[in-house]
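A quick write-up on the structure given underneath.
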Amino acid sequence: MAMRISELAAFSGQEATIRGWLVSLRKGGKIRFLVVRDGSGTVQAVVRQEDAPTEVWERCADLSQEASLEVRGTVRLDQRAQGGVELAVRDLIVISDAADFPISPKEHGVDFLMDNRHLWLRSRRQAAILRIRSQIELFLQVELGRRGFVRVDSPILTPSACEGTTTLFETDYFEQKAYLSQSGQLYNEAAAAALGRVYCFGPTFRAEKSKTRRHLVEFWMLEPEIAFASLDDVMDLEEDLISALVRHLLKEAADDLVVLERSPQALLAAAQGGFARITYDQAVEVAVQAGQPVTWGEDFGSPQETAIAAAFDRPVFVHRYPTACKAFYMQPDPERPEVCLSVDLLAPEGYGEIAGGGQRIHDFALLRERLAQHNLPEDAYRWYLDLRQWGSQPHAGFGLGIERTLSWLCGLDHVRETIPFPRLLTRLYP
RNA sequence: UCCUCGAUAGCUCAAUGGUAGAGCAUCCGGCUGUUAACCGGAGGGUUGUAGGUUCGAGUCCUACUCGAGGAGCCA
């Protein structure tokens, strides 16, 4: 079994075999340097003409970038090598050639890189993003598990719109119409009544013709839902999770953040928690002050969101939006029914809304009234109404967009780099 | 759907309306420790498509195709 490159440093002076891909080849007259990557790290393999067998020396003359290799040699600590460790090559086998690999270490345009996304993933930067994505997904789930949350997977194929707002992908379900899920929330509410604290985590689909650096057609959302919880409980949980996540990444993903040239400085405030909680009314004031006027009652546009978030050095909660601009299931504020117990979490630096949620309507009659007001078919929501008929309870939850969160944490300029194979308005390949 | 910008070598980009170039990649040669290695040489083009203006179009005009960013909508 080959050793992983990340483990090599501990075996100085010993013989080791690694398997990986050629990142670059530098040739001198009597010495050749191969940088090899195996997913755990990269290492410089040194081939000296005087030390290596002739056939190995010759084999290294025209290796192509991304050729897959098996390299055997002696592990050596050497300050001249990047990372301080290198492999003095004794034997080398080319597992598969990679002539004319399309992606060179030089610059490429977006269109070209997206067409070659399957190969682009091999680059240092993309690999770093994918590692951080994995860490985020794991960390958040472990944290929720620690707090007694049960993961309950919600369906992807659904009979009707969850919120009745955004455009859905329609598909044929044995001569019946079905839609790709845009949220697992409604099903989560059923699960919360069974298990108290639940979350779902999976892909969601929006058939909107959005074409910006913040939009994906298919994206992943983590959606906790808590029985007997209030709006404040939800904000507490969001703040705890996000700040803990930032602390975790600053510690455990430091190397990858360096690769991404993301300064830890930008995340220090968020790591401390203490996210401001302002009302929609206050947010309107902030937007107006920043020269981005809003008509009361309307949801914020992207420029307003950016202006509001720019007033804070860490994510900010905006709560109690006008009832009219939010989904039908939002619980109205008992003290002021024209606003609802909803909350959006806006990330700093123009990354916009990364989470949205709030307290759900738990009263049967009110929910039924809202369905009618929104022209939603009661038949399709029969089961959802049932939840209010038997053992209803105040409950709340939120949905956290993984890609936007990742985009902010990594300081990326487009969400397309946060997901292995992005689905965009104009792109379904590869 | 709307607005703005773009499309030239495999890739990234140059080129007053007047002979289409460079860097990287590729191929050949050189170099004893390189760090996106370096040095020398070579090959590589129906300038997105279709029309138009002009003595002459990569360049100007029209339409279309594809892409990018933004608006709306949202996480």
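Model, not experiment: these values are computed from the prediction. Note on naming: letters A, B, ... go to the chains in the order of the sequence lines (proteins, then strands), and numbering restarts at 1 for each one.
Taking the six-membered ring where the residue is Trp, the centroids of A:Phe205 and A:Tyr179 are separated by 6.0 Å or more.
Atom CD1 in A:Ile103 sits roughly 14 Å away from atom C1' in B:U12 (whole-Å rounding). Between A:Phe112 atom CZ and B:A68 atom P there is a gap of 15 Å when expressed in whole angstrom units. Atom-to-atom, CG of A:Leu424 to P of B:G70 comes out at 12 Å; the value is rounded to the nearest Å. For the pair A:Glu305 CD and B:A75 P, the interatomic distance rounds to 9 Å; values are reported in whole Å. If you take CG of A:Leu425 and C1' of B:C73, they are 13 Å apart, rounded to a whole angstrom. When rounded to the nearest whole Å, the span between CZ of A:Arg213 and C1' of B:A75 equals 17 Å. Put simply, CD on A:Glu238 is 12 Å from P on B:A75, counting in whole angstrom units.
Between the C1' atoms of B:G44 and B:A9, the separation comes to 6 Å (whole Å). Taking the P atom of each, B:A42 and B:G23 are spaced 11 Å apart, rounded to whole Å. Of the P atoms belonging to B:U49 and B:C31, the separation is 45 Å, rounded to the nearest Å.
Residues A:Asp91 and A:Arg59 are in side-chain contact: their nearest non-hydrogen atoms beyond the backbone lie under 4.5 Å apart. Under the 4.5 Å side-chain criterion, counting only non-hydrogen atoms from C-beta, A:Arg262 is in contact with A:Leu267. A:Phe275 has its side chain out of reach of A:Phe312: every pair of non-hydrogen atoms, C-beta onward, lies at least 4.5 Å apart. By the 4.5 Å heavy-atom criterion applied to side chains, A:Arg197 and A:Pro224 are not counted as neighbours. Between A:Leu424 and A:Met114, the closest side-chain pair of non-hydrogen atoms falls below 4.5 Å. Residues A:Val343 and A:Val318 have side chains not in contact (no heavy-atom distance under 4.5 Å, counting atoms from C-beta outward).
Within the structure, no pair that satisfies the ring pair (Phe, Tyr, Trp, His ring centres under 6.0 Å) test touches residues 8-67 of chain A, not counting sequence neighbours. For residues 124-156 of chain A, every residue pair satisfying the ring pair (Phe, Tyr, Trp, His ring centres under 6.0 Å) rule, not counting sequence neighbours, is listed here: A:Phe139-A:His248. Residue pairs that meet the ring pair (Phe, Tyr, Trp, His ring centres under 6.0 Å) test with at least one member in residues 69-112 of chain A, sequence neighbours left out, are A:His108-A:Phe112.
Distance from the side chain of A:Lys209 is smallest for B:G72 among the nucleotides B:U12, B:G72, B:A75.
Residue contacts shown for A:Asp344 are absent, as no nucleic acid heavy atom lies under 4.0 Å away. Across all strands shown, A:Gly352 has no heavy atoms under 4.0 Å from either base or sugar-phosphate atoms.
A donor-acceptor contact under 3.5 angstrom links the side-chain atoms of A:Ser210 to the base of B:C73. For B:C11, the base has no donor-acceptor partner in the side chain of A:His108 [N/O atoms by modelled type, under 3.5 angstrom].
In the region residues 118-136 of chain A, proximity to RNA chain B at under 4.0 angstrom, judged on heavy atoms, holds for none of the residues. Residues of residues 2-14 of chain A having a heavy atom closer than 4.0 Å to RNA chain B: none are found. Within residues 409-418 of chain A, the residues approached by RNA chain B to less than 4.0 Å at the level of any non-hydrogen atom are A:His414, A:Arg416, in residue-number order.
Within the 4.0 Å cut-off from OP1 or OP2 of B:A71, not a single side-chain nitrogen or oxygen of A:Thr212 is found. The phosphate of B:A71 (OP1 or OP2) has a side-chain N or O of A:Arg214 nearer than 4.0 angstrom.
Under 4.0 Å is where a charged nitrogen must lie from a carboxylate oxygen, and between A:Arg206 and A:Glu208 no such pair does. Look at A:Lys27 and A:Asp62 and you find no salt bridge, because none of the NZ, NE, NH1 or NH2 atoms lies under 4.0 Å from a carboxylate O. A:Arg37 and A:Glu66 are joined by a salt bridge, as a carboxylate oxygen and a charged side-chain nitrogen come within less than 4.0 angstrom of each other. Look at A:Asp51 and A:Arg90 and you find no salt bridge, because none of the NZ, NE, NH1 or NH2 atoms lies under 4.0 Å from a carboxylate O.
Between the side chains of A:Gln185 and A:Tyr329, at least one donor N or O sits under 3.5 Å from an acceptor N or O.
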Let me check something: any side-chain donor-acceptor pairs from residues 285-298 of chain A under 3.5 Å, sequence neighbours excluded? List them with distances.
unit_1   : atom_1 : unit_2   : atom_2 : d
A:Trp296 : NE1    : A:Asp281 : OD1    : 2.6

Acceptor/donor pairs from residues 397-404 of chain A side chains to any protein atom, 3.5 angstrom cut, sequence neighbours excluded:
unit_1   : atom_1 : unit_2   : atom_2 : d
A:Glu403 : OE1    : A:Trp220 : N      : 3.0
A:Glu403 : OE2    : A:Arg133 : NH1    : 3.0
A:Glu403 : OE2    : A:Arg133 : NH2    : 3.1
A:Glu403 : OE2    : A:Trp220 : N      : 3.2
A:Arg404 : NE     : A:Arg214 : O      : 3.0
A:Arg404 : NH1    : A:Glu353 : O      : 2.9
A:Arg404 : NH2    : A:Arg214 : O      : 3.3

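With sequence neighbours excluded, no residue satisfies salt bridge (charged side-chain N to carboxylate O under 4.0 Å, His left out) with A:Asp232.
The closest donor-acceptor contact from the side chain of A:Ser68 to the backbone of A:Ser96 lies under 3.5 Å. Judged by distance alone, the side chain of A:Gln65 and the main-chain N or O of A:Ile103 form a donor-acceptor pair under 3.5 Å.
Both key distances under 3.5 Å define a Watson-Crick or G-U pair, and stretches of 3 or more such consecutive pairs in RNA chain B run B:1-7 with B:65-71, B:10-13 with B:21-24, B:26-30 with B:38-42, B:48-52 with B:60-64.
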Sugar-phosphate means primed atoms, P, OP1 and OP2; the rest is base. With that split, encode nucleotides 27-36 of chain B 5' to 3' as B, S or - using protein heavy atoms under 4.0 Å.
----BBBBBB
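Across the interface with RNA chain B, nearest-nucleotide mapping of A:Pro102 and A:Gln65 shows A:Pro102 to be the residue nearer the 5′ end.
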Identify the pairs formed between an N or O of the protein and an N or O of nucleotides 63-67 of chain B at a distance under 3.5 Å, and give each distance.
unit_1 : atom_1 : unit_2   : atom_2 : d
B:G67  : OP1    : A:Thr426 : O      : 3.1

